[in-house]
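First comes the structure, then the notes that go with it.
Just so you know, these numbers come straight off a predicted model, no measurement behind them.
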Amino acid sequence: MSAPPAAPARGPHALSLVALAAVAAAYVRAIWFTPPEAVQGYAQKILYVHAPAAWVAFLAFGLTALAGAFWLFLKDPRLDRFAESSAEVGVVFTTAVLTTGPLWGRPIWGTWWTWDARLTLTLFLWFVYVGYLVLRGVIPEREQRARYAAVLGILGALLIPFIHLSVYLFRTLHPLPVVARTDGPQMPPVMLITFFGCFAAFTLLYVAFVRARMALAAERDALEDAAVGGTA
Amino acid sequence: MNAAPGLLASAWTIARKDLAIEFRTRSAFLSALVLSLLAIVIFYFAWDPTAIRATDLAPGVLWVTFTFSGLLGLHRSFGVEQHDGAMDALLVAPVPRESIFLGKALANLAFVLGVQAVALPAVALFYNLPLDGRAFALLAGVMVLAALGLVSIGTMFAGMTANTRLAELLLPVLALPFFVPIVMPAAKLTAAVLAGRPFGEAVAWLRILLAFDLVFAYVCMLVFPFTLDD
Amino acid sequence: MTARVEAAGLVRTFGARRAVDGLSFTLAPGDCLALFGPNGAGKSTALRMLAGLLSPSAGQARIEGVSLPRPEARARVGLISHRGMLYEALTARENVRFSAALHGLRDVEGAVQRALEQLRVADRADVPVRSLSRGLQQRVSIARAIVHGPDVLLADEPYTGLDEQGGAALTALLRERRAAGAALIVVTHHLHEGLALATHAAVMRAGRFARYERAEGLERDRYAAEYRELVA
């Protein structure tokens, strides 16, 4: 008979608070202390959310696939809990990318949605990982769920280059209205530092979210175990 | 002592068994076929022939139809194993686990190509496509290449979703994003053939399709056993 | 001489639930283990591990000294369960033939015919299994399991759905396999049925053997009384 799981500490972990403070600081700097971009004006400030969110989304999914692959050989439940948490956080950040993209695109490109290579890729990434979460949701048995999720994670990671390639080719064969490049070579240092701060803050936020989500998953597993232990 | 059959021999046995069942019941094949024809007909009426030429519309019709009718057949693939627990017998038999994937994929390939063999002429007929022998041969080639990728992915996910609830809903949700790098090149190649453009300009698409087939057929066979071993 | 079946510290957990919790025994050629126990005691899980369908969380199962789930070990196993494992659209003969082909038998047709005759379903062998009664389906299923002359026969409630003639045919078949040197494990709820065949008897409870002994000389009525007490 296993002991009931220890009562979890309530309230946010210090890391979450630090991450939120870092994000707040980065945005105070981005909004008030960084000059608006000459051509795009204030719309450009959306990119301080968009670009770091995209970075975290890709990081999250990459790590999900990696954790899954390792799980297949190590069978450590922590790896699976990490994969689960990272995928979920990744979907949240991807949703942020997909919302901020059109918000920026409307004033700059003159259209809400465009089949830009990177935006399209992100959309499909979102599809794959929402599917990943749905799949996890329908498998009650823990080990089977981890195995299936790992396989899907690996296949999803393999899919990314193919989608990227085909979307890129699709675009070059059907040129879209000229796209204003955001990553021009001459970004002034003041903006560059702000960008850097946003990337760092978002990465910290990712770590904090995943950590909190993993703690939740661990509690859920422990609760399940305790329930089973009680009836067996 | 009996010699356990090898990968290809047992895959062939499994594929033959699946096709025998399909031939006996015919229900899935007929539904997929009728679904394809219905889709082709409905697309026709959703189309304004004065604005878009048939040769521009046909690739889309063909590949959307192909994708969805393919899914219908894939779902059935593991259903026959699930029904009476036959998968257990298959797993106890001394055949390599990969051969289950390979056998199922072969049967599914036959299924999908069978549907396609009717759907392609139907599109040509209903949309008055100017198809000569060469164009037919090229399209058939594109279809086989696309079917290989579609069936690899589809068999993999059909096996994965077969014993979950929501299987019939989950399979398309998981598989469709993976069909993008198949449908996109296939539709482009089809468009090139229909427009009578030289195939050469579409070589990049052909490469993507080939690479996808190779990578996913191999990787799916490799990881498939992970979805079996409890 | 190597044992036909060897279970060495078999454990299988599902999450925190230990379905099988340390099972060790060996069976020599001609041994028959009758395995009793209440629902959820882990009998089926144990059998699935011995068939190579489930990988143990700890410990090992060997057939003729070969570890499961290697194909050489699986090749010697025949599995009968309360599920038919048949394809209802195919005929009895096709079902058994499929099994024979998967085992790479040389004389497929001969082996199929013999198995069907042994279970007395040869006269109904060429109609789809779907149109056979439950009892006849069970006989076909048994024919499917023994067509390759397995050295180890695992039977999970094999008498389910069989009529008197079918039951007699199965008993005769199990005796014949035993005489031919096969090792048998029969999981059943019917003590008398099980003890009639057994050389060993075991009662499983909560994933372990609550008792395990040679069956010869066991007084059946007393065993039944003690069993009821044990699982109560």
Between [X] and chain A, which part of the residue has a heavy atom less than 4.5 Å away: side chain, backbone, both or neither?
| X | result |
| --- | --- |
| B/Val223 | both |
| B/Ile208 | both |
| B/Met184 | side chain |

Let's test your reading of the structure: which of A/Leu155, A/Leu165, A/Val130 forms the most heavy-atom pairs below 4.5 Å with chain B?
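Most heavy-atom pairs within the cutoff with chain B belong to A/Leu155.
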Of the listed residues (A/Tyr132, A/Phe124, A/Phe127, A/Tyr148), which shares the most heavy-atom pairs with chain B below a 4.5 Å separation?
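Highest number of heavy-atom pairs under 4.5 Å: A/Tyr148.
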[X] and [Y]: aromatic ring centres closer than 6.0 Å?
| X | Y | answer |
| --- | --- | --- |
| A/Phe202 | A/Phe93 | yes |
| B/Phe216 | A/Phe162 | yes |
| A/Phe196 | A/Phe199 | no |

Measure from NZ or CZ of A/Arg211 to the centre of the six-membered ring of A/Phe82 and say whether it is under 6.0 Å with the direction within 45° of the ring axis.
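Relative to the ring axis of A/Phe82, which defines the angle, A/Arg211 lies outside at least one limit.
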Would the number of heavy atoms belonging to other residues, nucleotides or ligands and lying under 6.0 Å from CZ of B/Phe136 be above 12?
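For B/Phe136, atom CZ is crowded (more than 12 foreign heavy atoms under 6.0 Å).
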Where on A/Ile139 is there a heavy atom nearer than 4.5 Å to chain B: the side chain, the backbone, both, or neither?
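Contact with chain B: side chain only.
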Please flag which part of A/Leu125 lies under 4.5 Å from any non-hydrogen atom of chain B: side chain, backbone, both or neither.
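Contact with chain B: none, neither part.
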Is the shortest distance from a Lys or Arg side-chain nitrogen in A/Asp225 or A/Arg142 to a carboxylate oxygen in the other one below 4.0 Å?
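Yes, A/Asp225 and A/Arg142 are salt-bridged.
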For each of B/Leu166, B/Leu176, B/Leu170, tally heavy-atom pairs with chain A at distances under 4.5 Å, and name the one with the top tally.
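Looking at each option in turn, the highest pair count goes to B/Leu170.
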